[in-house]
Amino acid sequence: EEGSLYPALQRMLKSSWLAADWGVSSTNRRVRIYKITPAGRKQLDQQVSSFERMLDGISRVMRTSES
């Protein structure tokens, strides 16, 4: 079963947030190597910022309810 990792990687490739190349592992197996693109870095920064704002809001509510 594929799970959720590879579909997520495919969505990020399609959005140009990642680039992928084929390479060879240390055990001589063919592997796909993913690298974040500048657009992916920008998206990541936006998502982290959004998460931090949400976390800050939750923390404020929790502090208020403790008083």
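Remember, it's a predicted structure, so these values are computed and weren't measured experimentally. Counting begins at 1 with the first residue of the sequence.
- I36 and W22 fall into different hydrophobic clusters, where Ile, Leu, Val, Met, Phe, Trp and Tyr side chains are chained together by heavy-atom contacts under 4.5 Å.
- Side-chain atoms of R53 and S49 form a donor-acceptor pair, as typed in the model, at a separation below 3.5 Å.
- Of the inter-residue distances, the one linking I58 atom CD1 with R60 atom CZ reads 12.5 Å to the nearest 0.5 angstrom.
- A donor-acceptor distance shorter than 3.5 angstrom exists from the side chain of S59 to the backbone of L55, with no hydrogens or angles considered.
- Hydrophobic cluster membership for I33: V31 (Ile, Leu, Val, Met, Phe, Trp, Tyr linked by side-chain heavy atoms under 4.5 Å, directly or transitively).
- Both L18 and V48 sit in one connected hydrophobic cluster of ILVMFWY residues. Membership requires side-chain heavy atoms under 4.5 Å apart, directly or through other members.
- When the side-chain contact (heavy atoms from CB on, under 4.5 Å) test is applied to S26, no partner is found at least two apart in sequence or on another chain.
- Distance CG/L9 to CE/M12: 5.0 Å, rounded to 0.5 Å.
- When each of K42, R41, Q43 is tested with W17 by the rule side-chain contact (heavy atoms from CB on, under 4.5 Å), just one qualifies, namely Q43.
- For T37, the side-chain contact (heavy atoms from CB on, under 4.5 Å) partners two or more places apart in sequence, or in a different chain, are A19, A39.
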